Amino acid sequence: MPVDFSGTWNFVRSENLEAYMLTLGIDFATRKIANMLKPQKFIKQEGDVFSIQTTSTFRNYSVKFKIGEEFDEDNKGLDNRKCRSVVTWDKDKIVCTQNGEKKNRGWSHWIEGDELYLELRCEGQTSTQVFKRA
Ligand code: ECB
């Protein structure tokens with residue numbers, strides 16, 4: 001059975017978000033707020049077409065993509081940089097490469113039990129977020 005990321009996922013914990021945000025040049029006040037958030041993820045997966053909505057009390061962020069198809073991403077409400085992004089499968093992980101001004105930028109999602117993992121990468125920094133099925 002192929003992995004299905006669809007569902008509602010509630011934030012459990014994160015690691016190293018501060019360092020990740022620093023690499024993106026997020027200002028002090030925004031980092032303080034962002035570090036307090038417990039975002040929710042709403043993922044819809046239909047074959048190789050995904051929509052991922054991240055919501056929080058502060059800001060929301062949505063992205064839609066098809067595996068293997070490059071798309072323009074504006075990161076609006078995050079660091080607001082524009083990227084040319086593409087998501088591919090790596091076994092049971094989805095791996096996003098965000099090509100743009102920042103080197104080695106991207107993220108991966110995978111599932112372990114009833115937990116959803118998100119690894120956010122930028123330059124030398126990696127931040128991990130863990131969510132649980134609602
Ligand atoms: C949308 C909730 C977080 C809002 C934080 C606001 C400002 C901080 C600015 C930049 C920090 C970068 C990331 C915060 C962490 C996660 C936001 C969504 C990351 C993302 O791109 O998720 C992917 C994979 O699920 C789908 O877009």
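For reference, positions follow the sequence shown, starting with 1. Start at 1 and go down the list; that is how both ligands and their atoms are numbered. What you are looking at is a predicted structure, and each value in this text was computed from that prediction instead of being measured.
Distances below 4.0 Å separate heavy atoms of L78 from the following atoms of ligand 1: 9 (C), 10 (C), 17 (C). Annotation for ligand 1: atoms under 4.0 Å from non-hydrogen atoms of H109 are 24 (C), 25 (O). Close contacts of ligand 1 with G77, meaning ligand atoms under 4.0 Å from a residue heavy atom, involve 6 (C), 7 (C). The contact set between ligand 1 and I26, taken as ligand atoms under 4.0 Å from a residue heavy atom, comprises 9 (C), 10 (C). Ligand 1 places these atoms under 4.0 Å from at least one heavy atom of L118: 24 (C). Taking a cut-off of under 4.0 Å to the non-hydrogen atoms of T30, the atoms of ligand 1 that pass are 7 (C).
In terms of protein heavy atoms, atom 3 (C) of ligand 1 is closest to L37 CD1, 4.1 Å. At the top of the distance list for atom 11 (C) of ligand 1, counting protein heavy atoms only, stands M21 CG, 3.6 Å. Protein heavy atom closest to atom 26 (C) of ligand 1, with residue, atom name and distance, is V63 CG1, 3.7 Å. Ranking protein heavy atoms by distance to atom 15 (C) of ligand 1, first place goes to Q129 NE2, 3.7 Å. Nearest protein heavy-atom contact of atom 19 (C) of ligand 1 is L120 CD2, 4.0 Å.
Of the candidates F131, Y61, F5, Y61 brings a heavy atom nearest to atom 27 (O) of ligand 1. Heavy-atom proximity to atom 14 (C) of ligand 1, evaluated over T55, T23, L17, is greatest for L17.
Using modelled atom types and a 3.5 Å distance limit, the side chains of E123 and N104 yield no donor-acceptor pair. W110 and D90 share no side-chain donor-acceptor pair at under 3.5 Å. R121 and S108 form a side-chain donor-acceptor contact under 3.5 Å, judged by distance and modelled atom types alone. Between the side chains of Q125 and N16, at least one donor N or O sits under 3.5 Å from an acceptor N or O. Using modelled atom types, one finds a donor on one side chain and an acceptor on the other under 3.5 Å when comparing E73 with S85.
Contact annotation for R59 and ligand 1: heavy atoms of both the backbone and the side chain come within less than 4.0 Å of the ligand.
For a threshold of 3.5 Å applied to N or O pairs, the pair formed by K41 and ligand 1 contains at least one separation below that value. Taking distance alone, with nitrogen or oxygen atoms compared against 3.5 Å, Y20 stays at or beyond that limit from ligand 1.
Under a 3.5 Å cut-off, the side chain of D27 and the backbone N or O of T30 do form a donor-acceptor pair. Judged by distance alone, the side chain of S14 and the main-chain N or O of T128 form no donor-acceptor pair under 3.5 Å. In this structure a side-chain-to-backbone donor-acceptor pair under 3.5 Å is present from R81 to L24.
Cation-pi geometry between K41 and W9 is not met: the NZ or CZ atom fails to fall both under 6.0 Å from the ring centre and inside 45° of the normal.
The residue from T54, N10, N60, T8 that alone fulfils the side-chain hydrogen bond (donor to acceptor under 3.5 Å, both in side chains) condition with Q40 is N10.
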